[in-house]
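These numbers come from the heavy atoms of this one structure, side chains and all, not from hydrogens, waters or symmetry mates. Just so we're on the same page: letters track the sequence lines, and every chain starts at 1.
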There are 2 protein chains.
Amino acid sequence: MKTETKRGRPRKFDEDVTLDRIMLVFWRQGYAATSLDQIAEATGLNRPSLYAAFGSKKEMYLKVIGRFADQMQAHLHDAGLTASGLHPRLKAIMTAAIDLYCGKSSLCNAAYGCLAISTLTTEVADDPDFKSMMAHVVERMDQGFADLIREETKGLVPEANLRFTAQHLSLILHGISVRARTGESRTALQELAEAAVDRLVPETASQTVV
Amino acid sequence: MKTETKRGRPRKFDEDVTLDRIMLVFWRQGYAATSLDQIAEATGLNRPSLYAAFGSKKEMYLKVIGRFADQMQAHLHDAGLTASGLHPRLKAIMTAAIDLYCGKSSLCNAAYGCLAISTLTTEVADDPDFKSMMAHVVERMDQGFADLIREETKGLVPEANLRFTAQHLSLILHGISVRARTGESRTALQELAEAAVDRLVPETASQTVV
DNA sequence: TTTTTTTTGTACCGTATCGCACATAAATAG
DNA sequence: CTATTTATGTGCGATACGGTACAAAAAAAA
C-alpha cells in the first residue's frame with residue numbers, strides 16, 4: 001500500500017487544527033449567533049475553502065460537536081486512569097471535567113462550560129438533527145460512567161442501578177457545566193462535585209452502590 | 001387617587017399576554033435564532049409597536065427572562081405548599097418543575113426544559129448583561145431552596161450546609177432541564193429527581209441535613 | 001510542455017436581519 | 001372643533017447573512 005501523492009494544489013491548512021479553531025468560536029457564541037465570516041476570520045480561511053472542506057455551517061457545527069465529544073471522552077477517560085478504586089476515579093474525572101469547563105485545559109482557556117450543554121441545548125427544540133445529536137452525546141456520557149462503575153464493581157451492582165447512578169453523575173456534570181459558564185468559581189464547583197460523588201457512591205469499593 | 005384616563009390612542013394588545021407569546025418563541029428557538037419578524041407574527045403586532053412597548057430585541061428577551069423567573073418561582077413556591085415536611089415539599093417542587101420542563105404546565109405545552117438553562121446559557125459567554133442576568137436567575141433558585149430548607153429545619157442546620165444543599169438541588173434541576181429538552185421521558189426524570197432528593201435530605205424532618 | 005486535478009480568493013446573488021421614518025388613526029384636553 | 005397625545009402600520013434603509021460562480025494558482029500526470 002503506497003502513499004499515493006495527491007494531485008492538485010495542496011491545502012494550506014490542517015483540517016484538525018481548523019476544526020479546533022471553529023470549535024472555539026461556536027463554543028463561545030453558540031451556533032445561531034456565529035457567522036461564517038467569523039469562522040473564516042478565526043481560521044484564516046475563506047468561505048469557499050470552508051465549504052469545500054466541511055460543508056455547510058450546520059455540518060461544521062455537527063462535526064465540531066462530534067469532535068468535542070471524542071476529545072471530552074478521551075480526556076475524562078485518561079483522568080479516570082490516574083486513580084484507582086471507583087470513588088477516587090470518579091473524583092478524578094469530575095475534577096478533570098470541571099477544569100475543562102472552567103478553561104483550565106488544553107482544549108479551551110475560557111470558562112465556557114461544556115460545548116454541548118452550553119450551545120447545542122438551545123438548538124435542540126427546533127431541529128431534529130441537533131436533537132438526536134444531543135441525545136447521542138448525553139447517552140455517550142451516561143455510557144462512560146456506566147462502564148466505569150461496571151468495571152470497578154464487577155457484578156456487585158445490578159445493571160439497572162448502575163445505569164441509574166451513571167445518569168445521576170452525568171446530571172451533576174451538566175449542572176456544573178451550566179454554573180461554570182455562568183461564572184461560578186472552580187473551587188466552588190469542585191466542592192459541589194465532591195459532595196455529589198460522596199453521596200452517590202461509597203468511599204470504599206467493597207460496599208454496594210445505591 | 002383617581003384613575004386618570006390616559007390620553008392618546010389606546011393599545012390594542014395586552015402587555016402580559018404579548019410577553020407570554022414572545023416567551024414561547026424565545027423558549028423554542030433561543031435568543032439568537034429568533035427574529036423580530038417571528039415575534040411580530042407570534043404576537044400579531046408589528047415591529048414598531050413591539051419596539052415602542054418593549055424596546056430592542058435584547059430588552060424583550062431580558063424582560064421575558066425576568067418574567068419567566070417570576071412565574072417559575074411562584075409556580076414552584078405554590079407546589080411546595082401542597083405538602084408538609086422538608087422531604088415531601090422538595091419532592092413536590094421537583095415534580096412541578098419536571099412537569100413544567102416537559103410541557104405539562106399552563107406556561108408551556110412542549111418539552112423545552114427551563115427557559116433560562118435552555119436558551120440563556122448560550123448567550124452568557126459573549127454578553128455581560130446576559131451573564132449577570134443568568135447569575136441572578138441561578139442565585140434566585142438557590143435562594144428559593146435555601147429559604148425552604150431554612151424554614152423547615154429552623155436552626156438545626158448551619159447556614160453554610162443549608163446553602164450548599166440548596167445549590168445541589170438547583171444543580172439537579174438544571175441537569176434535569178437539559179435532559180427534558182433532549183427528549184427524556186417525564187417518568188425517567190421523575191425517578192432521577194426522587195432519588196436525588198432521597199440522597200440529599202433525610203426522609204424524616206427531625207434528622208440533620210447533610 | 002500540456003493536461004488534469006484540486007485549492008484558493010474575489011466577487012457576487014438573493015434574502016433576511018434589526019431598527020426606524022413617516023404618515024395615519026384613535027383617543028383625550030381645552 | 002382644534003390641538004395634543006399616543007398607538008398603528010406601511011415601507012424603507014443599511015447592513016449582514018449563508019452559500020456559490022468563476023477565474024487564478026499550484027501541484028501532479030502525461
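The side chain of Ser49(B) contributes an N or O atom lying less than 4.0 Å from OP1 or OP2 of dT8(D). One finds no side-chain N or O of Lys12(B) lying less than 4.0 angstrom from the OP1 or OP2 phosphate oxygen of dA25(C). Residue Arg7(B) places no side-chain N or O under 4.0 Å from the OP1 or OP2 atom of dT6(D). One finds no side-chain N or O of Arg9(B) lying less than 4.0 angstrom from the OP1 or OP2 phosphate oxygen of dT8(D).
Atom CG of Leu45(B) is separated from atom C1' of dT10(D) by 15 Å (rounded to the nearest Å). In this structure, Leu50(B) places its CG atom 13 Å from C1' of dC20(C), rounding to the nearest Å. When the P atom of dC18(C) is taken as reference, atom OH of Tyr61(B) falls 15 Å away, rounded to whole Å. In this structure, CG of Leu36(A) is placed 19 Å from P of dC13(C), rounded to the nearest angstrom. The interatomic distance linking Lys58(B) (NZ) with dG19(C) (P) rounds to 11 Å, in whole Å. Rounded to an integer number of Å, the gap from NZ of Lys57(A) to P of dG18(D) is 5 Å. Look at CD1 on Ile39(A): it is 11 Å from P on dC17(D), rounded to the nearest Å. In this structure, Tyr51(B) places its OH atom 20 Å from C1' of dT6(D), rounding to the nearest Å.
When distances are taken from the side chain of Arg11(A) to each of dT17(C), dG19(C), dT8(C), the shortest belongs to dT8(C). Checking dG18(D), dA7(D), dG11(D) against the side-chain heavy atoms of Ser35(A) singles out dG18(D) as nearest. In this structure, the nucleotide among dA27(C), dG9(C), dG9(D) sitting nearest to the side chain of Pro10(B) is dA27(C).
More than 12 heavy atoms of other residues, nucleotides or ligands sit less than 6.0 Å from atom CD of Glu15(B).
Across all strands shown, the partner of dG9(D) is dC22(C), judged by Watson-Crick or G-U wobble contacts whose two distances both fall under 3.5 Å.
Ser132(B) places a side-chain N or O within donor-acceptor distance of the main-chain N or O of Asp129(B), the cut-off being under 3.5 Å.
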Side-chain donor/acceptor pairs under 3.5 Å, residues 96-104 of chain B, sequence neighbours excluded:
unit_1, atom_1, unit_2, atom_2, d
Asp99(B), OD1, Arg186(B), NE, 2.7

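Note that CD of Glu123(B) and CE of Met134(B) are 11.0 Å apart. Values are rounded to the nearest 0.5 Å. Expressed to the nearest 0.5 Å, how far CZ of Phe130(A) lies from OG1 of Thr182(B) amounts to 14.0 Å.
Nucleotides of DNA chain D nearest to Arg47(B) and Phe13(B) differ in position, and the one nearer the 5' end is that of Phe13(B).
Among the atoms of the strands shown, base atoms are found under 4.0 Å from some heavy atom of Pro48(A).
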